[in-house]
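These notes are about the structure you will find just below.
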Amino acid sequence: MSKNRAIIKINEELCNGCGVCLPSCAEGALRIENGKLRLIADKLCDGLGACLGSCPRGALSIELREADPFEDPAHGFACPSAQPHSAPAAPESSPESSSGTSGAAATQANWPLKLALAPANAPFLRNADILLTADCAPGACASFHFHHVRSRPLLLCCPKLEDKAGIVSNLAALIREAAPASFTIMRMEVPCCGIPELLVAAQREAGSAIPVHVRVLDRFGSEAELRRSPALQALC
């Protein structure tokens with residue numbers, strides 16, 4: 001039953017979607033959507049204001065209003081490092097290296113990796129050649145980083161398990177704000193992996209025609225033949 005209690009208030013005019021505040025929320029009640037901070041649900045906010053001091057723009061405050069009672073998430077804790085960043089490129093080595101680092105490559109690691117968590121205005125996305133991949137792909141392909149990532153920022157999503165409209169919205173916001181130079185999509189061969197079609201919809205929503213390359217992995221990590229649907233024909 002709703003009652004008056006302390007809860008976070010977000011000033012959207014001040015918020016620039018930097019994501020610095022996310023690690024401060026132990027309940028995982030906050031996320032970035034369309035370049036702005038959002039409260040996922042009132043019941044996830046404890047109202048203690050641990051996130052207030054982390055906002056560099058003063059966009060967060062506490063207000064007293066009617067809200068659902070706080071429910072401590074059974075498995076909830078915030079990611080310990082949700083602040084966007086990219087790391088310097090690691091030294092390149094061959095997939096056949098005997099050093100025990102098989103599959104290593106000169107890869108510039110970025111964080112967050114999930115499309116749903118990465119702010120659209122993250123510096124590592126601006127004018128970048130983005131590798132957009134299915135969650136399954138890095139696990140299916142043993143040499144994924146060496147052959148596919150290289151120095152590109154990597155973003156992961158899953159059209160089967162995530163909200164498709166949310167993926168389209170996040171991609172459209174990324175296209176508008178980061179103006180990437182290109183996308184390379186690494187999708188799995190299974191029918192549920194419709195990332196290219198979602199990017200078509202996002203391009204349409206953002207009014208953009210950024211170059212896109214589509215590659216397909218089979219369930220054993222090898223590149224499979226690309227069967228072009230009408231949506232894929234529009235991309236390739």
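Quick caveat, the model's predicted, so the values are computed rather than measured. Values reported hereafter were calculated over all heavy atoms of this structure, with side chains retained and with hydrogens, waters and symmetry mates removed.
Residue pairs meeting the salt bridge (Lys or Arg N to Asp or Glu O under 4.0 Å) criterion with at least one member in residues 48-59, sequence neighbours excluded, do not occur. Residue pairs meeting the side-chain hydrogen bond (donor to acceptor under 3.5 Å, both in side chains) criterion with at least one member in residues 45-54, sequence neighbours excluded: Ser24-Ser54.
Salt bridge status for Arg38 with Glu12: present, with a side-chain N to carboxylate O gap under 4.0 Å. Between Asp42 and Arg65 there is a salt bridge, with a side-chain nitrogen of the basic residue lying less than 4.0 Å from a carboxylate oxygen of the acidic one. Using a 4.0 Å cut-off between charged nitrogen and carboxylate oxygen, Glu162 and Lys164 do not count as a salt-bridge pair.
One hydrophobic cluster, built from ILVMFWY side chains closer than 4.5 Å, holds both Leu156 and Val190.
Rounded to the nearest 0.5 Å, atoms OG (Ser169) and CG (Leu115) are 9.5 Å apart. Summarising the geometry, atom CD belonging to Glu189 is positioned 4.5 Å from atom CZ belonging to Arg219; distances are rounded to the nearest 0.5 Å. Here the NE2 atom belonging to His213 is positioned 12.0 Å from the CE atom belonging to Met186, to the nearest 0.5 angstrom. Summarising the geometry, atom CZ belonging to Phe70 is positioned 7.5 Å from atom CZ belonging to Arg5; distances are rounded to the nearest 0.5 Å. Note: Cys157 SG to Leu113 CG = 12.5 Å, rounded to the nearest 0.5 Å. The CG atom of Leu125 sits 5.0 Å away from the CG atom of Leu174 when rounded to the nearest 0.5 Å.
The two residues Ala181 and Pro211 make their nearest non-hydrogen contact at O-CD, 3.4 Å. Contact between Trp111 and Phe124 at its shortest, heavy atoms only, is O-CE2, 3.4 Å. Between Leu171 and Ala202, the closest heavy-atom pair is CB-CB, 3.5 Å. Contact between Pro112 and Pro119 at its shortest, heavy atoms only, is CD-CD, 4.3 Å. Of all heavy-atom pairs spanning Leu37 and Ile10, the tightest one is O-CD1, 3.6 Å. Heavy-atom minimum distance, Leu30 versus Cys21: CD1-SG, 4.3 Å.
Remark: Lys160 NZ is loosely packed, at most 12 non-hydrogen atoms of other residues, nucleotides or ligands lying under 6.0 Å away.
The side-chain heavy atoms of Asn127 and Pro180, taken from C-beta on, include no pair separated by under 4.5 Å. For the pair Leu117 and Ile32, the minimum side-chain heavy-atom distance is 4.5 Å or more. Contact check for Cys18 versus Pro56: side-chain heavy atoms found under the 4.5 Å cut-off. You'll find the side chain of Cys45 stays beyond 4.5 Å of the side chain of Glu27, heavy atoms only. Counting only heavy atoms from C-beta outward, the side chains of Val212 and Ser182 never approach each other to under 4.5 Å. Two residues are said to be in side-chain contact when any heavy atoms from C-beta on lie closer than 4.5 Å; Phe183 and Leu131 fail this criterion. No side-chain heavy atom of Arg187 sits under 4.5 Å from any side-chain heavy atom of Thr133. Counting heavy atoms from C-beta on, the side chains of Leu64 and Ile7 never come closer than 4.5 Å.
Arg215 and Thr184 share no side-chain donor-acceptor pair at under 3.5 Å. Using modelled atom types, one finds no donor on one side chain facing an acceptor on the other under 3.5 Å when comparing Ser61 with Asn11.
Considering Leu217, Val216, Ile195 in turn, Leu217 is the only one that fulfils the side chain to side chain contact (heavy atoms under 4.5 Å, CB included) rule with Met188.
In this structure a side-chain-to-backbone donor-acceptor pair under 3.5 Å is missing from Arg126 to Glu177. Asn110 places a side-chain N or O within 3.5 Å of a backbone atom of Leu154 that can act as its donor or acceptor partner. Not a single donor-acceptor pair under 3.5 Å links the side chain of Lys9 to the backbone N or O of Leu60.
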